[in-house]
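Excluded from the calculations below are hydrogen atoms, water molecules and symmetry mates; all remaining heavy atoms, backbone and side chain alike, are included.
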Amino acid sequence: QVHLVESGGGPVQAGGSLRLSCAVSGDTSSNYCMGWFRQAPGKEREGVAGLYTDGDITAYANSVKGRFTISRDNAKSTLYLQMNSLKPEDTGMYFCSADPEWDCSDDLKFREIAREWFGYWGQGTQVTVSS
């Protein structure tokens, strides 16, 4: 079992920054496919950033490239999403996701970040960007 708990969301003005954290508990000895998704009201959940722990392979949605950075701290069993130059369209509920049984290293290189890669999800943290 994998348990994920997000934190760090909140209100921020356009142009500002936030860092989201996702505490991961469970079997952290294996390699994981990990990701951050967001969902705005009335819209589908979309992948914004992904990471495969073997080699720290990362990928980003085009809408956040150059502004968001996904990273992890093994010692703290925590996944992060650093979000800079925030825009009102970044508003939404942000979800952390993980799966210890999916090798997404090739997927990250060639495909959009997809919900079906992940079997575990956090409860979400709200990010609201005002103009």
Side-chain angles (χ1 to χ4, degrees):
Q1 276 287 4
V2 177
H3 191 54
L4 307 172
V5 180
E6 302 96 334
S7 61
V12 63
Q13 289 195 329
S17 299
L18 281 175
R19 188 177 78 160
L20 306 183
S21 299
C22 173
V24 182
S25 61
D27 178 13
T28 56
S29 62
S30 60
N31 285 310
Y32 275 66
C33 184
M34 309 192 78
W36 286 98
F37 286 71
R38 67 185 178 193
Q39 188 166 18
K43 294 189 176 181
E44 291 191 0
R45 193 172 297 188
E46 62 170 343
V48 296
L51 179 149
Y52 187 62
T53 57
D54 186 4
D56 281 324
I57 298 167
T58 60
Y60 299 90
N62 287 335
S63 58
V64 306
K65 275 181 185 175
R67 301 188 297 121
F68 290 13
T69 303
I70 187 171
S71 64
R72 66 189 179 109
D73 184 329
N74 275 350
K76 297 180 180 179
S77 296
T78 302
L79 182 73
Y80 299 103
L81 185 68
Q82 177 68 44
M83 305 186 295
N84 299 328
S85 302
L86 282 161
K87 305 175 181 180
E89 52 264 42
D90 294 319
T91 294
M93 185 72 77
Y94 282 70
F95 298 89
C96 173
S97 57
D99 200 294
E101 297 182 5
W102 185 253
D103 178 349
C104 61
S105 53
D106 285 342
D107 292 309
L108 288 171
K109 295 172 187 175
F110 302 115
R111 295 178 55 196
E112 291 185 354
I113 301 158
R115 293 181 64 175
E116 59 260 28
W117 301 352
F118 302 97
Y120 298 93
W121 295 84
Q123 82 289 349
T125 185
Q126 178 68 35
V127 172
T128 303
V129 185
S130 59
S131 57

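- At least one side-chain heavy atom of Leu51 sits less than 4.5 Å from a side-chain heavy atom of Asp56.
- Trp102 and Ile57 fall within a single hydrophobic cluster, where Ile, Leu, Val, Met, Phe, Trp and Tyr side chains are chained together by heavy-atom contacts under 4.5 Å.
- Contact annotation: the side chain of Trp36 approaches that of Leu79 to within less than 4.5 Å [non-hydrogen atoms, C-beta and beyond].
- The nearest pair of heavy atoms linking Gly10 to Leu18 is O-CD1, 3.8 Å.
- More than 12 heavy atoms of other residues, nucleotides or ligands lie within 6.0 Å of CD in Gln126, so this atom counts as buried by the packing criterion.
- Distance check: Met83 CE to Thr69 OG1 gives 11.0 Å after rounding to the nearest 0.5 Å.
- In this structure, CZ in Arg72 is found 11.5 Å from OG1 in Thr58, a value given to the nearest 0.5 Å.
- The salt bridge (Lys or Arg N to Asp or Glu O under 4.0 Å) check on Glu6 picks up nothing, with sequence neighbours excluded.
- In this structure, CG on Leu81 lies 6.0 Å from CZ on Phe68, to the nearest 0.5 angstrom.
- A 4.5 Å side-chain heavy-atom check between Met34 and Val24 finds at least one atom pair inside the cut-off.
- Taking the side-chain contact (heavy atoms from CB on, under 4.5 Å) definition, one finds that Asp73 meets it with Ala75, Lys76, Tyr80, sequence neighbours left out.
- Put simply, the side chain of Arg67 reaches to within 4.5 Å of the side chain of Lys87, judged on heavy atoms.
- Taking both residues in full, the closest heavy atoms of Leu108 and Ala59 are given as O-CB, 3.3 Å, listed atom of the first, atom of the second, then distance.
- Distance check: Arg115 CZ to Phe95 CZ gives 8.5 Å after rounding to the nearest 0.5 Å.
- Under the 4.5 Å side-chain heavy-atom criterion for grouping Ile, Leu, Val, Met, Phe, Trp and Tyr, Val48 is connected to Tyr120 within one hydrophobic cluster.
- For residues 92-101, every residue pair satisfying the side chain to side chain donor-acceptor pair (under 3.5 Å) rule, not counting sequence neighbours, is listed here: Arg38-Tyr94.
- Evaluation of the ring-ring contact (aromatic ring centres under 6.0 Å, His included) rule for Phe37 yields Phe118, Trp121 as partners, not counting sequence neighbours.
- In terms of the side-chain hydrogen bond (donor to acceptor under 3.5 Å, both in side chains) criterion, residue partners of Arg45 (sequence neighbours excluded) are, by chain and number, Gln39.
- Residues satisfying the side-chain hydrogen bond (donor to acceptor under 3.5 Å, both in side chains) test with Ser17, not counting sequence neighbours, are Asn84.
- The stretch residues 38-115 participates, sequence neighbours left out, in these disulfide (SG to SG under 2.5 Å) pairs: Cys22-Cys96, Cys33-Cys104.
- With sequence neighbours excluded, the residues satisfying side-chain contact (heavy atoms from CB on, under 4.5 Å) with Val129 are Val12, Ala14, Leu86, Pro88, Asp90, Thr91, Val127.
- Not counting sequence neighbours, the partners of Ala114 by the side-chain contact (heavy atoms from CB on, under 4.5 Å) test are Arg111, Glu116, Trp117.
- With sequence neighbours left out, the side-chain contact (heavy atoms from CB on, under 4.5 Å) criterion links Ala23 to no other residue.
- Sorted by first and then second residue, the disulfide (SG to SG under 2.5 Å) pairs involving residues 58-89 (not counting sequence neighbours) form an empty list.
- Screening residues 122-131 for salt bridge (charged side-chain N to carboxylate O under 4.0 Å, His left out) gives no qualifying pairs among residues at least two apart or on separate chains.
- For the atom pair CZ (Arg19) and OG (Ser71), the distance works out to 7.0 Å, reported to the nearest 0.5 Å.
- Within the 3.5 Å criterion, the main-chain N or O of Ile70 finds a donor-acceptor partner in the side chain of Tyr60.
- Atom CG of Leu20 is separated from atom CD of Gln82 by 9.0 Å, given to the nearest 0.5 angstrom.
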